Amino acid sequence: MPAPSKTIAIIQARINSTRLPRKIFADIAGHPMLWQVVNRARQAQHLDEVLVATTTSPDDDVVAKFCESEGIAVFRGSEEDVLDRFYHAALSRQASVIVRLTADCPFTDPDVIDQTIEAFQNYPDCDYATNVLRYTFPEGLDVEVCSFAALERSWREVTKPADREHVTLYMHHSGLFRTAPNVEHVPDLSGREFVWSVDTEVGLIFAKAIFEALDGRDFRLDDILRLLEEKPELLKMNQETVINSGLYRDLAKDPPVPVLERRLDASHALLERATRLIPTRSQTFSKAPTQFVQGVAPNFIARGEGCHVWDVDGNEYIDYAMALAPVVLGHGDADVCDAVATEIRRGTAFSLPHALEVEVAEMLVEMIPCAEMVRFGKNGSDATAGAVRVARAFTKRDVVAMCGYHGWQDWCIGTTTRNQGIPKAVCDLTKTFAYNDIASLEKIFTENPGQVAAVILEPTGIVAPKPGFLEAVKELTHQHGAVLIFDEIVTGFRWSNGGAQQFFGVTPDLGCFGKAMGNGFPIAAVVGRRDIMELMDEIFFSFTFGGETCALAAAKAVLTKFKQQPVIEHIWNQGKRIQDGYNVLAQTYGIEKFTECLGYAPRSVSVFRDENGAESLVNKSLFQQECLKRGILFTGGHNLSFSHTAADVSHTLRVYRTAMQILADAIRVGDAAARLEGPPVQAVFRKA
């Protein structure tokens, strides 16, 4: 007869902490924090036992003695190999199901523990269940549940130090375990003000304040949330920015990722042929050889699947450029490919409009706040140029106020160093202003009274809008009778299903969408107010392939997937891990002054600086070189996709840890340029 199932919580606890020593004995409401965690865990209905797992280090004698004095079960095991400690702790209690908790989470919620155990029980043949595949609960209410069999498999198979330091990392990221759907809280409480574990002095002060304000009551998450509504000043006092920063720091304990064996013969041969035939040797400046360390980088990609690509020599890479951001679901997404294949067999271009034009337009109007009517193009530059043209027609004015980059047409590119071949008269009609500087936009209106047709900008790039900036741009634009255009070629279908305008709650007159809308198929759209869009009948915005059905079918499949699956949530979650991991690693190696990952999680950018804070293409080149040699296609940005798995991101961070160490050594010695195995990358827009 099989032994009855036994579910135990194992609380990870030790006295030493790098950032806040002895924190588990910090007094919170008259008891040590460890006592509070144990007491709260014991209230979970589905737990048979609560066990503290500490180390055999003499420093942790005090933990064992405290537990014994309080009648708390305790197990002592390896200090460095936490996975081994957990495994033998579970084995000693003959546990069949293990709930992992940590002693620095005084808000551990018994209801959340029960909810996660139920998710584990209700999912067929489950190995692992948690609420941290995507954070929607406050960090500090983390619960991870696994079977003993899964814990034992991890214990046997895991070799990397970071994976043995973080007990469930292998289950979480390897893709080898049957994992229940993430346990989620509605609404999403994943903001930086909801980091409630105690890792800093500020976090401890916050915890004490909450316990004091709730006066020792047997409180739950909802009680804390009600308190924070009544006392919002408490919420502001604990705005930690990185969840699980210790996990990223521990990557430095892992051995360096070795260089892969690669050949680039076919790639080099193709480049020689391209040199004779194709100016720039590429159809896109940002994909040209100048953007990669030559001799190390592949020059041509042969195929892709998900977020992985293979070059013409057969070398495999995890792709973060993702074709400069359009591939948001993944290369070769099955739903998109099936939809396109169906249309190919029916014909792709016709003498009359196709029904897909109407269907996709209806979907865009439903999803995008500013969209009342829609016109299609093939790339982002089509959309931005069309929006500017219709705005000029609507206002009967000529001047455009522009912030940032908006495509290759004359009206925009004439303001850059790539302005050869553009008449000066055209260049003079576009005036540039600075992002987050409303005074610079006011100056354009002042110097061009009654002449500004439109204001066009990306609602955000790698810099967040200052509070009220986008609202001020809209108010000023309308005050002067101009049209506000948001260029959402990049932010569209990344920040939210309705773009950055939905994310920030500021609705423009016109919006320009592309890239992610087709998952790599060429399609773009101008959307906006009906009274402006109706002028598309009068201006010339017309394409032979504007209604081509392959791209429209792809767009329909993409938009359907966005509506039915958590695409946005996934890219935010994995993008946050990349960004946080990158920045913590830079801090760990002491080079945060020289490199950091900026922007928002769906699309972040790594910047590289020299000793004086100026852009350093040499440092960027060295980091890129070391990533390429280890199978990461790194160009500086991270365009996350639905196909980037937790395992992909974990491997990437291990490669980044290796490249970061090499860069740190080069900066310390001062020989980054000497370590390059080819010419450094060049800027797309050269200095004037």
Side-chain angles (χ1 to χ4, degrees), residues 370 380-381 383-392 394-419 422-492 495 499-501 503-512 526 528 532 598-600 603 605 607 615 683-688:
C370 79
S381 296
T384 54
V388 165
R389 184 175 295 177
V390 77
R392 282 171 164 165
F394 183 77
T395 59
K396 296 180 172 55
R397 301 173 180 177
D398 295 332
V399 174
V400 175
M402 181 186 84
C403 173
Y405 167 79
H406 304 286
W408 69 269
Q409 276 91 343
D410 290 7
W411 71 272
C412 170
I413 214 69
T415 65
T416 74
T417 57
R418 295 271 190 181
N419 60 3
I422 301 172
K424 184 177 183 302
V426 174
C427 298
D428 291 343
L429 291 176
T430 301
K431 313 295 181 183
T432 60
F433 66 97
Y435 191 75
N436 273 335
D437 183 357
I438 196 67
S440 65
L441 178 58
E442 288 177 328
K443 185 172 184 287
I444 293 174
F445 281 113
T446 300
E447 294 178 351
N448 301 273
Q451 299 176 61
V452 178
V455 174
I456 182 169
L457 75 162
E458 288 184 293
T460 188
I462 65 170
V463 177
K466 292 179 180 177
F469 172 70
L470 294 176
E471 292 85 350
V473 169
K474 180 176 179 178
E475 181 180 356
L476 185 63
T477 301
H478 288 172
Q479 177 186 331
H480 288 275
V483 173
L484 177 60
I485 305 168
F486 276 1
D487 176 351
E488 297 228 46
I489 302 303
V490 172
T491 57
W495 268 241
Q501 59 186 265
F503 181 82
F504 292 115
V506 179
T507 303
D509 302 309
L510 299 174
C512 304
V526 185
I532 302 175
L598 301 176
Y600 287 83
R603 180 181 180 269
V605 174
V607 297
E615 180 186 23
V684 171
F685 290 101
R686 303 166 187 136
K687 294 181 180 180

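This is a predicted model, so every value here is computed, not measured. Atom set for the values below is all heavy atoms of this structure, side chains included, hydrogens, waters and symmetry mates excluded.
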Visitor: Just by modelled atom types, is the Q451 backbone N or O under 3.5 Å from a matching donor or acceptor in the N448 side chain?
Guide: no
Visitor: Anything under 30° is parallel, anything over 60° is perpendicular, the rest tilted; go ahead and classify Y600 against F503.
Guide: perpendicular
Visitor: I need the I444 CD1 to H480 NE2 distance, nearest 0.5 Å.
Guide: 11.0 Å
Visitor: When the ring planes of H406 and W411 are compared, do they come out parallel, tilted or perpendicular, using 30° and 60° as the limits?
Guide: parallel
Visitor: Once rounded to the nearest 0.5 Å, what's the spacing between atom CZ of R389 and atom CD of Q409?
Guide: 8.5 Å
Visitor: Under 6.0 Å from the CD atom of E475, do we count more than 12 heavy atoms belonging to anything else shown?
Guide: no
Visitor: Working to the nearest 0.5 angstrom, can you tell me the gap between T430 OG1 and I413 CD1?
Guide: 11.0 Å
Visitor: V483 and I485: side-chain contact (heavy atoms from CB on, under 4.5 Å), yes or no, with the steps?
Guide: CA-CA 6 Å; V483 173; I485 305 168; 4.2 Å; yes
Visitor: Taking the side chain as everything from C-beta on, heavy atoms only, tell me whether T477 gets closer than 4.5 Å to V455.
Guide: yes
Visitor: Within the structure provided, determine whether N436 and P465 are in side-chain contact (heavy-atom separation under 4.5 Å).
Guide: yes
Visitor: Is there a donor-acceptor pair closer than 3.5 Å between any side-chain N or O of D509 and the backbone N or O of L484?
Guide: yes
Visitor: Can you check whether L476 reaches E442 side chain to side chain, under 4.5 Å on heavy atoms?
Guide: yes
Visitor: Rounded to the nearest 0.5 Å, how far apart are SG of C412 and CZ of R418?
Guide: 13.5 Å
Visitor: Side-chain contact, heavy-atom cut-off 4.5 Å: K443 with E447?
Guide: yes
Visitor: From L457 CG over to F486 CZ, what is the distance, rounded to the nearest 0.5 angstrom?
Guide: 5.5 Å
Visitor: Side chains of T491 and T460: does their closest heavy-atom pair fall under 4.5 Å?
Guide: yes
Visitor: Are V390 and L510 packed together at the side-chain level, in the sense that at least one heavy-atom pair is separated by less than 4.5 angstrom?
Guide: yes
Visitor: Are I438 and V473 close enough, and set up right, to give a side-chain contact (heavy atoms from CB on, under 4.5 Å), and what steps lead you there?
Guide: CA-CA 7 Å; I438 196 67; V473 169; 3.8 Å; yes
Visitor: May I ask you to decide if R392's main-chain N or O and R397's side chain share a donor-acceptor pair within less than 3.5 Å?
Guide: no
Visitor: When rounded to the nearest 0.5 angstrom, what distance separates CD in E458 from OG1 in T384?
Guide: 10.0 Å
Visitor: Are R603 and V490 close enough, and set up right, to give a side-chain contact (heavy atoms from CB on, under 4.5 Å), and what steps lead you there?
Guide: CA-CA 9 Å; R603 180 181 180 269; V490 172; 3.1 Å; yes
Visitor: Got a donor-acceptor contact below 3.5 angstrom from the T432 side chain to the C403 backbone?
Guide: no
Visitor: Give the minimum heavy-atom separation between A383 and V526, together with the two atoms involved.
Guide: O-CG2, 3.3 Å
Visitor: Within the 4.5 Å heavy-atom criterion, are Q501 and P508 side-chain neighbours or not?
Guide: yes
